[in-house]
Amino acid sequence: MKKLVFLTGAGVSAESGFSTFRDAGGLWEQHPVEEVCTCEGWMRNPTRVNNFYNGLREQLIAAKPNAAHEHIAALEADFDVTVITQNVDDLHERAGSSRVVYLHGELMKACSSRDKENPFCLKTLSREHLRIDEGERAADGSLLRPYIVFFGEAVPRLEEAARIVEEADIFVIVGSSLVVYPAAGLLYNVRPGVPIYLIDPKDVEVPSAMAVTVIQDVATRGMARLAALLKAEA
Ligand code: OAD
């Protein structure tokens, strides 16, 4: 089976009702990124940060995967599919994707604020216990924080993602402005000659030397078109 690798961003979940970050009215317009997604913001006001992600979690459990997530999952019938996502929602998994690499963390998890990657302190939140409450502690005694990669923090699964991209036979980008590094840099790990598709309703800047087939459409329709195209290549 050919290796089909997706790099997805906020746009793939937009039609499930999630705001993207940088479109007009996007999340970072209403909630300044330096307040809710940096270590400095966390040090200044951990409750504000936790409450921001508590709110997103409530939105997430009410949301459903859309047809784009479903098309991506269904392609596993014909391809060896890996989804590398910048999103922290779990909509790819809920749609049935079996291999999802979360580059920027997972909204449904909480972790230690002393050592984010300490597996003994990682806690999976549930529908019944969605919130990180004020003053709630991790197993190591530090404040519990969202398992989200803040700006300025290392991206723990980057090397794994880079290796997956290097092995791709087909590479597809869905719904990302490609402005956040190192995630956007994964494009440079695609081997020469490998077909690259990009689905986005807006113009997204890609390095000019790369031959990218652009499907200028929203994720649900764009993925339906691409799935039909790819079936012919399987
Ligand atoms: P952005 O908000 O930067 O970009 C969203 C992209 O989705 C844009 O190119 C939009 O044109 C496109 N879009 C909007 N609606 C769409 C639709 N219905 N179908 C398809 N595409 C659509 O989001 P990301 O590129 O994902 O990091 O942002 C990358 C990272 O920046 C995020 O993971 C997040 C943020 O800061 C963290 O939270 C750590």
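Order of appearance sets the numbers: ligands from 1, and atoms from 1 within every ligand.
Here the heavy atom of the protein found nearest to atom 15 (N) of ligand 1 is Ala14 CB, 3.8 Å. Residue, atom and distance of the protein heavy atom nearest to atom 30 (C) of ligand 1 are Val180 CG2, 3.7 Å. For atom 26 (O) of ligand 1, the nearest protein heavy atom (residue, atom name, distance) is Ala10 N, 2.8 Å. Of the protein's heavy atoms, Arg22 NH1, 3.1 Å lies nearest to atom 28 (O) of ligand 1. In terms of protein heavy-atom proximity, atom 17 (C) of ligand 1 is closest to Gly11 O, 3.4 Å. Counting only heavy atoms of the protein, atom 18 (N) of ligand 1 lies nearest to Glu15 OE1, 3.3 Å. The protein non-hydrogen atom at the shortest distance from atom 19 (N) of ligand 1 is Ala219 N, 2.8 Å.
With a 4.5 Å cut-off on side-chain heavy atoms, Asp90 and Glu106 do not count as touching. At least one side-chain heavy atom of Glu153 sits under 4.5 Å from a side-chain heavy atom of Cys39.
Of the inter-residue distances, the one linking Glu35 atom CD with Glu40 atom CD reads 10.5 Å to the nearest 0.5 angstrom. Rounded to the nearest 0.5 Å, atoms CG (Leu186) and CD (Gln86) are 8.0 Å apart. We find the CG-NZ distance between Leu230 and Lys2 to be 9.0 Å, quoted to the nearest 0.5 Å. Within the model, atoms CG of Leu130 and CD1 of Ile61 stand 4.5 Å from one another, a figure rounded to the nearest 0.5 Å. If you take CD1 on Ile148 and NZ on Lys116, they are separated by 8.5 Å, rounding to the nearest 0.5 Å.
At under 3.5 Å, not a single nitrogen or oxygen of Ile148, backbone or side chain, sits near a nitrogen or oxygen of ligand 1. Geometrically, ligand 1 and Ser176 share a nitrogen or oxygen pair separated by less than 3.5 Å. When only interatomic distances are considered, the shortest N/O to N/O separation between Tyr53 and ligand 1 does not fall below 3.5 Å. Of the polar atoms of Val218, none of the N or O atoms is found under 3.5 Å from an N or O of ligand 1, judged by distance alone. Taking only nitrogen or oxygen atoms, main chain and side chain alike, Gln86 reaches within less than 3.5 Å of ligand 1. Backbone and side-chain nitrogen or oxygen atoms of Ser177 are examined, and one is located within less than 3.5 angstrom of a nitrogen or oxygen of ligand 1. Taking any N or O of Ile199, backbone or side chain, none lies under 3.5 Å from an N or O belonging to ligand 1. Polar contact check, Phe21 against ligand 1: a nitrogen or oxygen pair lies under 3.5 Å apart.
The existence of a salt bridge linking Arg94 and Asp89 is excluded, since no basic side-chain nitrogen approaches an acidic carboxylate oxygen closer than 4.0 Å. A salt bridge links Arg191 and Asp169; the closest N-O separation between the charged side-chain nitrogens and carboxylate oxygens is under 4.0 Å.
Environment of CD in Gln30: crowded, with over 12 heavy atoms of neighbouring residues, nucleotides or ligands closer than 6.0 Å.
Ligand 1 has at least one atom lying under 4.0 Å from a heavy atom of Pro201. Residue contact check for ligand 1: Asp200 places a non-hydrogen atom closer than 4.0 Å to it.
Inspection of the His69 and Ser13 side chains reveals an N or O donor paired with an N or O acceptor under 3.5 Å. Side-chain atoms of Arg131 and Asn51 form a donor-acceptor pair, as typed in the model, at a separation below 3.5 Å. With hydrogens and angles left out, the side-chain atoms of Ser112 and Asn118 include no donor and acceptor closer than 3.5 Å.
The Gly175 neighbourhood of ligand 1 comprises atoms 5 (C), 6 (C), 7 (O), 21 (N), with distances under 4.0 Å to a heavy atom of that residue. For ligand 1, the atoms lying closer than 4.0 Å to a non-hydrogen atom of Val149 are 39 (C). Under a 4.0 Å criterion applied to the non-hydrogen atoms of Phe151, ligand 1 contributes the atoms 36 (O). Each of the following atoms of ligand 1 lies closer than 4.0 Å to a heavy atom of Lys202: 11 (O). Close contacts between ligand 1 and Gly9 involve ligand atoms 26 (O) [criterion: under 4.0 Å to a heavy atom].
Taking only non-hydrogen atoms, the option from Gln216, Glu205, His104 nearest to atom 33 (O) of ligand 1 is His104. Of the candidates Asp217, Asp23, Val36, the one placing a heavy atom closest to atom 14 (C) of ligand 1 is Asp23. For atom 38 (O) of ligand 1, the nearest non-hydrogen atom from the set Phe18, Trp28, Phe150 belongs to Trp28.
When atom types are taken as modelled, the side chain of Asp217 and the backbone of Ile199 share no donor-acceptor pair closer than 3.5 angstrom.
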Please report the C-alpha distance between Leu27 and Arg22 in whole Å, then the side-chain angles of each, then the deciding distance to 0.1 Å, and finally whether the side chain to side chain contact (heavy atoms under 4.5 Å, CB included) criterion is met. CA-CA 7 Å; Leu27 276 178; Arg22 295 178 183 77; over 6 Å; no

